[in-house]
Every structure is written in structure tokens, then in C-alpha cells.
Amino acid sequence: MSVINDVPEGLALQNYELKRSITWKDAFWVASGVPALVLFSIGGIAALVGSPSWVCWTLSVIFGFFQAFVYAEIAGLFPGKSGGASVYGAAAWVRYSKIIAPLSLWSNWLAWTPVLTVGSSVAASYILANMFPSTASIMTAKLTILDLGMLKEGLEVRINAVSVVATILLLGTFAIQHRGILGTAKVQTIIGLVALTPLLLIGVVPFLTGDVVSSHFTPFVPLSGAWDKAGWTLFLGGIYLAAWSSYAFETAVCYTREFRNPETDTFKAIFWSGVLCLVAFTFVPMAFQGYLGQEGMTAPGIVDGSGVAAVMATMAGGSGVIGNIIIVMLVLALLLGVSTSMAGSSRTLYQGSIDGWLPRYLSKVNKHGAPTRAMWTDLGFNVVLLTLSDSLFVLAVSNICYLVFIFLNLQSGWIHRIDNAHIKRPYRCPNWIMAIGATLGFVNAFLLGAGANVWGAGTLVTGSVALALILPVFWYRHYFVDNGVFPAEMLKDLHTADGLLSAPKAGWLPFGALGLGLVLVFGTNVYFHGSLW
């Protein structure tokens, strides 16, 4: 494969490409940052839903585990592509629509890249809260640039200590990623062994010490006080936001192009990453709920996330120096998640550029096989997001994009079965799991409609606008730069004849699935929130 480089004529510059240098174990450790994502919103979901919040996490990670088997199958069809499940899903939709296909990839990137913002922000708040009292001027000072209250009350563009420290943390993560996927995996293995320890302790120790109080799980009703329409709205909003974290181990298939043996490594990577996340996203929220109780979960430091690390250090039995060590380990866990996101989302941009969906400049990699231009794009975009005052709103908008990607990808599983039935699959998920996956696509559409606006009245419309931005981006690349013809690399692994896509075989079914998905999103939004937006 020759990677596209925009180099002026006469300037000698070596072309580089992604390297097959890792095994499924390396991908597992790169993806091991995903359990740390529970720290991003565990406080916000607990404060929103109340005592049933742990169930939101358990249901969500079970959904994600079943979905992963669909991704494992479609990833095996494309051993020559990087970028993860969205790239493989886009390959199913391209026969039916030139717009839907890039939407799959774009929505995945918009979902993944804010991990850099939210993760570094939470890590920065942990660091600052451990160093300064909440009343210190460094904790309260800010420079307000723009009021965005029309999107959500209190939302603004500002620069403060958290955004500055978070930017420094992102630059450090970038330096690690610059060394390529093998170097990243080695660093992630070391950090992962250290950083996952407190999370596992938090999920186990309180049960052994008796600090999980059974009364903290009752009454089993949302904060609204009953399982009425308002209560179900809160509960569904909790599951909606939990999906952004608990589904995320699908990033393990982002590295198919870099596996030494993609036919076997792909399934092993996503399966064992899924097992790790099943444990983490089930026991950590349950222990958190059982330890804090209703009153503790609604404390300001839990709602905004800044006090979560201190509470978790106490849960793991740490105080004083030991408590500080646990907080440092939790910061490392968050940075592990940031590194995981940067590795996966930058490769999504890279493959999107190679395949003709996104601008050409993103297809450049360095001598270590790292997609540096995509990484710089990720970094710059998130430095801007770091100036927003509400990271939970950023997460909620990002999750709209994520669930759109999830829907499209789960439907792509059966579309590939119809259009590419003759192609050998290194892993073929059981038919009943494929059916569950397709059904879960519609469940996620339901959650999107019911849950998005729980996190702010402008959440759904903001996410819809963000999704629509792919239209001018793709139009320019495809029709202006490429003259309406896809690059040869896009067709790679699509099993084409004479470089031409075969005719679609699924007929109206993909469009029927899209129509039903849209009805579920906007119908449930009207039912639970009273208006289209």
C-alpha cells in the first residue's frame, strides 16, 4: 500500500505506512484504558438517576458485549484496513448511499475524540483538587470568551486552570503516541498494570470490608420518586450516557491493519477487552453506589466529578500518602483512556482519508507508522473543546454521534452477510447474536431519542448539527478533489471485480432499517420530552 502524501514536486520524502507489529495482547492493553472511562460520568449518572444508577451501567455493558461479536465478524472481512468498526461498517453502506457511508465514520470519530477532552479535564481536576483547596484563586479564576447559554444554561467558552493543565496532559499523551502503535502498546501495558489496579480494588474491596451498605440501594426508584414517565426518562438518560463509556472497548478492532495475524487476533482482542469491561462496568458502579448512597451521590464534588477520585481512594482503603498514591493511579487510568482514544480516533481519521471520505492531508504517517497529521487534528480539535465549561454536555453531544455510529454498524453486520455471503470470515458470530446485534441497533436509537435531551434541551439539535458537518467535508473531498471517483484503496478488501463494486443485494431493507431508526429517535424524543428537538 502506498500512502498518499501531498508533497511538492521535486521534494524527496519517504512514504511510510502502518506496520503489522502487534498481537491481540498488545491491542488488549491499548484498549485497557476503556474501564477508566467509568470515571468520566459515574458521578453525573449517579446524581441524575439515583439508586438505580448501577443498573444503567450493567445493562449498558451487557449490550456492548453482545454488539462486540458483530464487530469482530465484520472486522475480519477487512484485514487491510485500519480505523476500527466504523470503517468496516461504512464499507457495507457504500453500495447503498455515498452519504450514509461517511456518516458512519464521521459519527464514530466525533464520538471518540472527545475522550481526550473529558479524560484530560477530569484528570486535571483530580490533580488540582489534590493540590489546592476549592477556594484557592487558581481554582476559581477563569477568562470567559463566549456565552453559549442558548445551547445549555451556564455553558460558556472559557480558559481556566483545568483547561491549561488538561492541554499539557494531552501534549504528553501525543508524545507517547508519536512512537507508533507498538511503542504505545508497550507504554500502555506498563501504565495499564498500574492504573487498572485501583479500579479493580474499588470494585472489590468495599464488598469485602462491608462498606457496601444494602440500604443504599433502596428505595429502588429514580430521583423523581417513582417509576413514572419522569422516572423512566431519568433512567433511560442514564443508560444513554453510560453507553459512551461501556461500549467503547470496540476500539480493540481499530488495529486490524496493524495485527501480525488479523484473522485470529481481531476476535481475541475484542473478546478479552469485553470481559475486562464487563467486570469493571458492573462492579465499580455497584460498589460506588453501595458506598456513597443517595445523599453522597448528589454532593457537588460527585456531580462535577472533581471529588470522585478522593472518594474512590477512601473506598479502596487509602488515606494520607496511600490515598494520594491511589489518586495518582486513577489519574494514570484516565490518561490511559485518553491514550486509547487518541490511538483509535486518529486511525479512524487516517483510514477515512485513505478511503476518500475525509481530507487527503490526514493520510500521512511518520517513520514509526503513527498517523501524525490525524493525531495533530485530534489534538487541535480537543484543545478547542477544553475551553467549554461543561464536559458532561460535551460527552452527551458526543454520545449522539456514537449511537448513530452504533446503529449503522450493527445493521452493517447483516448487510455484509447479504452482499458478501460468499466471502470467508475468519470469525463468524452465531446467527442469534447477529439478530440480537441488529435489534440492539434499534434499542440504541430508542435510547438516543429518550435520553439525549435529559442532559440539556439543546443536546439533540447540537449533535444533529455536528453530524451534518460531514456533508460539506465529504462533498469537497469526493467531488472536488477526487472528481467523484473513490481511491483504489477504498475498494481494497471489498472483493470487487475489475475495481468495481458489485450491485447491492439487500434491496430496500437497509433503507427500511434507517427509516425505522429515525422514527424511533424522533418519536421517543417527542414522547419523553414533548417536542421534536
Side-chain angles (χ1 to χ4, degrees), residues 36 38-48 50 53 114 116-149 151-172 198 202 211 223 288-289 291-335 338 382-396 455-456:
V38 71
L39 300 173
F40 292 17
S41 53
I42 191 171
I45 292 176
L48 173 80
S53 65
L116 278 65
T117 292
V118 182
S120 59
S121 294
V122 175
S125 69
Y126 287 2
I127 293 170
L128 291 169
N130 201 45
M131 294 175 63
F132 304 100
S134 59
T135 55
S137 58
I138 193 173
M139 302 291 283
T140 57
K142 66 177 180 179
L143 174 63
T144 301
I145 300 173
L146 181 65
D147 183 6
L148 296 176
L151 296 178
K152 183 183 179 183
E153 183 179 356
L155 184 66
E156 61 183 9
V157 177
R158 53 81 181 108
I159 298 174
N160 64 0
V162 170
S163 64
V164 172
V165 173
T167 299
I168 295 171
L169 294 176
L170 284 186
L171 289 170
I202 289 162
D211 288 326
L223 281 181
F288 193 74
Q289 165 78 37
Y291 183 85
L292 279 182
Q294 189 74 44
E295 184 176 349
M297 289 190 305
T298 55
I302 302 302
V303 176
D304 65 23
S306 62
V308 170
V311 171
M312 287 191 167
T314 305
M315 289 172 62
S319 60
V321 174
I322 295 177
N324 289 334
I325 292 173
I326 292 175
I327 291 175
V328 170
M329 294 169 77
L330 288 172
V331 170
L332 288 175
L334 286 165
L335 295 182
V338 169
N382 280 278
V383 168
V384 174
L385 288 184
L386 280 171
T387 62
L388 293 178
S389 60
D390 190 338
S391 60
L392 272 182
F393 181 74
V394 172
L395 195 157
W455 301 94

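What you see below is based on every heavy atom in this structure, not just the backbone, and it leaves out hydrogens, waters and symmetry mates.
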**OP:** Can you measure from OG1 (Thr387) to CD1 (Ile145) and round to the nearest 0.5 angstrom?
**Re:** 6.0 Å
Original post:
Judged by atom type as modelled, is there a donor-acceptor pair below 3.5 Å linking the side chain of Ser121 to the main-chain atoms of Thr117?
Top reply: yes
Original post:
How far does CG of Leu148 sit from CZ of Arg158, to the nearest 0.5 angstrom?
Top reply: 11.0 Å
**OP:** With side-chain contact (heavy atoms from CB on, under 4.5 Å) as the test, would you mind laying out the steps for Leu169 and Ile127 before giving the verdict?
**Re:** CA-CA 11 Å; Leu169 294 176; Ile127 293 170; 4.3 Å; yes
Subject >> Asn160 side chain to Ser163 backbone, donor-acceptor under 3.5 Å >> reply: yes
Original post:
Could you walk me through whether Leu388 and Leu385 pass the side-chain contact (heavy atoms from CB on, under 4.5 Å) check?
Top reply: CA-CA 6 Å; Leu388 293 178; Leu385 288 184; 4.1 Å; yes
Original post:
What heavy-atom pair brings Ser389 and Gly154 nearest, and what distance separates the two atoms?
Top reply: OG-O, 3.3 Å
**OP:** Test Leu170 against every option in Val338, Val165, Leu335 by the side chain to side chain contact (heavy atoms under 4.5 Å, CB included) rule and name the one that passes.
**Re:** Val338
**OP:** Please test Tyr126 against Leu334 for side-chain contact (heavy atoms from CB on, under 4.5 Å), starting from the C-alpha separation and ending with a verdict.
**Re:** CA-CA 10 Å; Tyr126 287 2; Leu334 286 165; 3.4 Å; yes
Subject >> Distance-minimising heavy-atom pair for Leu386 and Ala166 >> reply: CD2-CB, 3.6 Å
Original post:
Taking all atoms of both residues into account, what is the closest heavy-atom pair of Met139 and Pro133, and its distance?
Top reply: CG-O, 3.3 Å
**OP:** Considering non-hydrogen atoms only, spot the tightest contact between Ala47 and Leu223 and give its length.
**Re:** O-CD1, 2.8 Å
Subject >> Distance (rounded to the nearest 0.5 Å) between Leu395 CG and Ser41 OG >> reply: 5.5 Å
Original post:
Between CH2 of Trp455 and CG of Leu48, what distance do you get to the nearest 0.5 Å?
Top reply: 4.5 Å
Subject >> Pairs meeting criterion salt bridge (charged side-chain N to carboxylate O under 4.0 Å, His left out) with involvement of residues 384-394, two or more places apart >> reply: Lys152-Asp390
**OP:** Please list all pairs passing the salt bridge (charged side-chain N to carboxylate O under 4.0 Å, His left out) test where one or both residues lie in residues 126-144, with sequence neighbours left out.
**Re:** Lys142-Glu156
